[in-house]
Amino acid sequence: MNNNIEELTLIDIIKYPILTDKTTQMIEDNKYYFAVEVKAKKSKIKQAIEELFKVKVKKINTLRIKPKKKRIGKYIGYKKIYKKAIIKLHNEYKIDLFVDN
């Protein structure tokens with residue numbers, strides 16, 4: 001199986017939203033953080049976000065997170081490499097990440 005980005009569907013590009021204290025504060029500024037496929041380009045990420053959430057993307061910044069050492073007892077391993085996408089939406093759009101009960 002080839003891991004080309006063309007074979008990936010739009011739902012495979014976006015892995016999960018990154019929710020921390022800082023990222024939840026940035027939601028007020030209409031910025032959302034997502035972990036995305038490492039080989040995904042900005043144009044494909046923009047297309048995936050607009051199709052999945054029915055919003056209009058204003059700007060995208062991406063960065064690759066390098067693997068960090070993880071130690072469990074005497075064994076040392078590494079965390080996986082992943083790509084983080086910072087999505088800025090137009091003012092009239094919002095993504096609802098939290099389910100209201």
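Counting begins at 1 with the first residue of the sequence. All values below were derived from every heavy atom in this structure, side-chain atoms included, with hydrogens, water molecules and symmetry-related copies excluded.
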- [ ] Please step through side-chain contact (heavy atoms from CB on, under 4.5 Å) for the pair Ile86 and Thr62, ending with a clear verdict.
- [x] CA-CA 6 Å; Ile86 304 167; Thr62 60; over 6 Å; no

Rounded to the nearest 0.5 Å, what separation is found between the [atom1] atom of [X] and the [atom2] atom of [Y]?
{"X": "Tyr16", "Y": "Leu97", "atom1": "OH", "atom2": "CG", "value": "14.0 Å"}
{"X": "Tyr33", "Y": "Lys22", "atom1": "OH", "atom2": "NZ", "value": "5.0 Å"}
{"X": "Leu63", "Y": "Asn61", "atom1": "CG", "atom2": "CG", "value": "8.5 Å"}
{"X": "Lys70", "Y": "Lys80", "atom1": "NZ", "atom2": "NZ", "value": "15.0 Å"}
{"X": "Lys68", "Y": "Ile81", "atom1": "NZ", "atom2": "CD1", "value": "13.0 Å"}
{"X": "Ile14", "Y": "Lys44", "atom1": "CD1", "atom2": "NZ", "value": "12.0 Å"}

Quiz: residues 45-52 side-chain donor-acceptor pairs under 3.5 angstrom, not counting sequence neighbours:
| residue | atom | partner | partner atom | Å |
| --- | --- | --- | --- | --- |
| Glu50 | OE2 | Val57 | N | 3.2 |

Open item on the list: Please check this pair: side chain of Lys88 against backbone of Asp29, looking for a donor-acceptor N/O pair closer than 3.5 Å.
Closed with: yes

Open item on the list: Between Thr23 (side chain only) and Ile18 (backbone N and O only), is there a donor and an acceptor less than 3.5 Å apart?
Closed with: yes

Open item on the list: Can you confirm whether Lys94 sits close enough to Asn30 that some side-chain heavy atom of one is under 4.5 Å from a side-chain heavy atom of the other?
Closed with: yes

Open item on the list: Holding to ring-ring contact (aromatic ring centres under 6.0 Å, His included), I want the full list of residues that pass it with Tyr32, two or more places apart in sequence or in another chain.
Closed with: none

